[in-house]
Amino acid sequence: MAVTDARMFTRERLEAAAVRMFAESGFDGVRVVDIARSAGVTERTFFRHFGSKEDVLLANHTPMLALLCERISAPVDGTLEERVCSALDAIASTTALDPLAVVRARLLLTTASLRERSFTLQSEWEAAIEEVATSLGESRLEARVLAAASIAAFRVAVEEWADDVTRSDLQPLTTRALRRLFPAVYE
């Protein structure tokens with residue numbers, strides 16, 4: 001196993017252990033040392049991979065932001081609204097592949113410090129949309145409204161998904177929420 005493969009395997013073990021433990025004991029009831037032990041590594045190894053226990057829970061933020069930026073910046077035909085909806089639908093579909101996603105979402109919604117941090121990270125998503133929108137000629141006001149409304153719709157879809165234990169797929173909820181804002185995109 002290559003070093004990067006082993007490193008990724010360790011990171012994934014830490015993430016899975018953390019989310020499982022958070023689901024069982026609550027975010028505040030779990031210490032970093034407990035996560036490390038559960039994953040079969042040292043506390044020092046944990047901190048080689050994550051800066052904090054918050055970071056382990058929010059580890060999916062960077063790849064999701066990259067997917068959003070890639071999708072909305074791609075030189076394709078279609079309106080900006082179509083690109084944004086496509087990007088957020090793709091993120092919702094990708095989220096469905098993560099077996100820890102619903103637990104992660106529930107923890108983000110029920111833990112005040114994590115919810116605040118999640119809102120801060122969502123502002124990065126808004127900034128990415130706003131940047132692309134202004135680069136395509138939208139006014140700052142229009143770009144900000146598009147970004148804020150899109151991310152708010154996505155956030156509400158995630159909240160609904162996390163709140164309903166019988167629902168298995170986030171993507172249809174995301175589409176419904178975005179369709180409410182941009183009906184022409186889904187015609």
Side-chain angles (χ1 to χ4, degrees), residues 19 22-23 26-27 52 54-187:
V19 173
F22 294 152
F27 181 78
S52 67
E54 289 86 357
D55 291 341
V56 73
L57 191 60
L58 297 165
N60 66 343
H61 168 73
T62 301
M64 296 299 178
L65 178 59
L67 177 59
L68 175 73
C69 291
E70 175 187 316
R71 286 290 184 108
I72 62 175
S73 300
V76 295
D77 291 334
T79 66
L80 179 58
E81 289 83 0
E82 289 170 334
R83 290 191 211 175
V84 169
C85 291
S86 172
L88 293 173
D89 281 338
I91 289 169
S93 293
T94 301
T95 299
L97 302 175
D98 177 1
L100 306 174
V102 74
V103 174
R104 189 187 317 265
R106 287 183 183 135
L107 287 164
L108 290 172
L109 294 171
T110 59
T111 307
S113 62
L114 292 172
R115 189 173 174 99
E116 183 178 320
R117 180 109 181 261
S118 179
F119 282 136
T120 300
L121 295 175
Q122 287 173 21
S123 69
E124 292 180 22
W125 292 27
E126 286 183 27
I129 294 169
E130 183 181 337
E131 183 179 324
V132 170
T134 56
S135 75
L136 295 173
E138 297 284 338
S139 72
R140 184 170 180 263
L141 172 68
E142 292 167 328
R144 290 182 65 205
V145 168
L146 171 66
S150 301
I151 298 305
F154 183 79
R155 184 181 65 249
V156 169
V158 170
E159 290 170 358
E160 289 293 313
W161 173 68
D163 195 39
D164 184 351
V165 295
T166 64
R167 189 173 324 253
S168 62
D169 196 358
L170 172 60
Q171 198 276 324
L173 285 173
T174 301
T175 297
R176 276 183 56 203
L178 291 167
R179 181 181 290 130
R180 185 76 173 143
L181 291 175
F182 311 111
V185 169
Y186 293 96
E187 290 179 345

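One is the number of the first residue; the rest follow in order along the sequence.
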Subject >> side-chain hydrogen bond (donor to acceptor under 3.5 Å, both in side chains) partners of Thr120, counting only residues at least two apart >> reply: none

Subject >> Single hit among Thr175, Ile72, Leu68 for side-chain contact (heavy atoms from CB on, under 4.5 Å) with Leu88 >> reply: Leu68

Original post:
Does Glu142 have any salt bridge (Lys or Arg N to Asp or Glu O under 4.0 Å) partners at least two apart in sequence or in another chain, and if so, which?
Top reply: none

Original post:
What is the minimum heavy-atom distance between Leu100 and Val19, and which atoms define it?
Top reply: CB-CG1, 3.9 Å

**OP:** Can you see which heavy atom on Ile91 is nearest to which on Leu67, and at what distance?
**Re:** CG1-CD2, 3.8 Å

Original post:
Taking only residues two or more places apart in sequence, or in another chain, which ones meet Arg155 in a salt bridge (Lys or Arg N to Asp or Glu O under 4.0 Å)?
Top reply: Glu159

**OP:** Run the numbers on Phe182 and Glu82 for side chain to side chain contact (heavy atoms under 4.5 Å, CB included), then give the verdict.
**Re:** CA-CA 8 Å; Phe182 311 111; Glu82 289 170 334; over 6 Å; no

Subject >> Side chain Glu124, main chain Leu121, donor-acceptor under 3.5 Å >> reply: no

Subject >> For Asp98, side-chain hydrogen bond (donor to acceptor under 3.5 Å, both in side chains) partners two or more places apart >> reply: Arg104

Subject >> Any Glu160 side-chain heavy atom under 4.5 Å of Arg176 side chain >> reply: no

Original post:
So do the side chains of Glu138 and Leu146 get within less than 4.5 Å of each other, counting heavy atoms only?
Top reply: no

Original post:
Quick one: ring-ring contact (aromatic ring centres under 6.0 Å, His included) partners of Phe27, sequence neighbours excluded?
Top reply: Phe22

Original post:
Got Val185 and Leu178 here, is their nearest side-chain heavy-atom distance under 4.5 Å?
Top reply: no

**OP:** Determine, for Arg117 against Asp55, whether the closest basic-nitrogen to carboxylate-oxygen distance falls under 4.0 angstrom.
**Re:** yes

Subject >> Residue pair Arg180 / Pro183: nearest heavy atoms and the distance that separates them >> reply: O-CD, 4.1 Å

Original post:
Do you know which of Thr174, Thr95, Val156 makes side-chain contact (heavy atoms from CB on, under 4.5 Å) with Trp161?
Top reply: Thr95

**OP:** Could you pull out all residues at least two apart from Arg83 that satisfy salt bridge (Lys or Arg N to Asp or Glu O under 4.0 Å)?
**Re:** none

Original post:
Which atoms form the tightest heavy-atom contact between Ala162 and Ala105, and what is the distance?
Top reply: CB-CB, 3.8 Å

Subject >> Asp89 vs Tyr186 side-chain heavy atoms within contact, under 4.5 Å >> reply: yes

**OP:** Mark yes or no for whether Thr134, through its side chain, and Glu131, through its backbone, hold a donor-acceptor pair below 3.5 Å.
**Re:** yes

Original post:
Are the side chains of Ile151 and Glu126 in touch, meaning some heavy atoms are under 4.5 Å apart?
Top reply: yes

**OP:** Check Ala153 against Leu181 and note the closest heavy-atom contact, atom names and distance.
**Re:** CB-CD1, 3.6 Å

